[in-house]
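Computation of the quantities below employed the complete heavy-atom set of this structure, encompassing side-chain atoms and omitting hydrogens, waters and symmetry-equivalent molecules.
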Amino acid sequence: MLDPDLSIAARISRLVEDELAEADRSDDMVTRATARDLRRALKVPREVTVNFSGGITQTCWSVSRGDGTYRVVYMPRAGYFSLCVESDFGPLDIGVHGPALGCFGSV
């Protein structure tokens, strides 16, 4: 649940940190390694316009540095994260949605 007393960027950061803390306690080495990699790619969330199929755009929050191909964004209307591919027109939603760690780990 997002804390209404925090800024939207702080609330999104808390969601990601909660996921990473849970992953750190996992017995699965791959989950822990993916969490370490996501931690290295994290940045302070910032607003970004994301493109969706059909020419729809939506203001979302970028939470990871792009690697030139992909980045993870938070979709506030949906309440979950998305993996976006970089395009000439900005981030493009590719339909990979769910927890930040799951989106990040899918590539």
Report the distance from atom SG of C60 to atom CZ of F52, rounding to the nearest 0.5 Å. 4.5 Å
Given side chains that start at C-beta, do those of W61 and E47 come closer than 4.5 Å, heavy atoms only? yes
Joint cluster assignment, V63 & V73, ILVMFWY side-chain distance < 4.5 Å: no
Find out if a path of hydrophobic residues (ILVMFWY) with successive side-chain heavy-atom gaps under 4.5 Å connects I8 to F81. yes
Compare every heavy atom of P45 with every heavy atom of S13, then report the nearest pair and how far apart it is. OG-CD, 3.2 Å
Looking at every non-hydrogen atom in both residues, tell me the closest pair between C84 and P91 and how far apart they are. CB-CB, 3.8 Å
First locate atom CG of L92, then atom CD of E86, and finally report the distance between them rounded to the nearest 0.5 Å. 10.0 Å
Roughly how far, to the nearest 0.5 Å, is the OG atom of S62 from the NZ atom of K43? 3.5 Å
N51 side chain to I56 main-chain N or O, any donor-acceptor pair under 3.5 Å? no
Among all residues two or more places apart in sequence or in another chain, which pass the side chain to side chain donor-acceptor pair (under 3.5 Å) test with D18? none
Is it the case that one hydrophobic cluster holds both L42 and V44, taking links as side-chain heavy atoms less than 4.5 Å apart, direct or via other members? no
Once you round to the nearest 0.5 Å, how far does OG of S82 lie from CG of D93? 3.5 Å
CD1 of I94 to OG of S106: how many Å apart, nearest 0.5 Å? 6.5 Å
Do L83 and F104 come close enough that some side-chain heavy atom pair is under 4.5 Å? no
Nearest 0.5 Å, please: how far is OG in S64 from OH in Y74? 15.5 Å
Quick check on the hydrophobic clustering: are V50 and V16 connected, directly or via other members, by side-chain heavy-atom contacts under 4.5 Å? no
Suppose the criterion is salt bridge (charged side-chain N to carboxylate O under 4.0 Å, His left out): which pairs have a residue in residues 20-36, not counting sequence neighbours? D24-R39
Any donor and acceptor pair, going by atom type alone, linking the side chain of E19 with main-chain N or O of L101 inside 3.5 Å? yes
Could you please spell out the steps behind the side-chain contact (heavy atoms from CB on, under 4.5 Å) verdict for Y80 and M75? CA-CA 6 Å; Y80 48 75; M75 301 188 311; 3.2 Å; yes
Does a side-chain heavy-atom distance below 4.5 Å link R71 with V48? yes
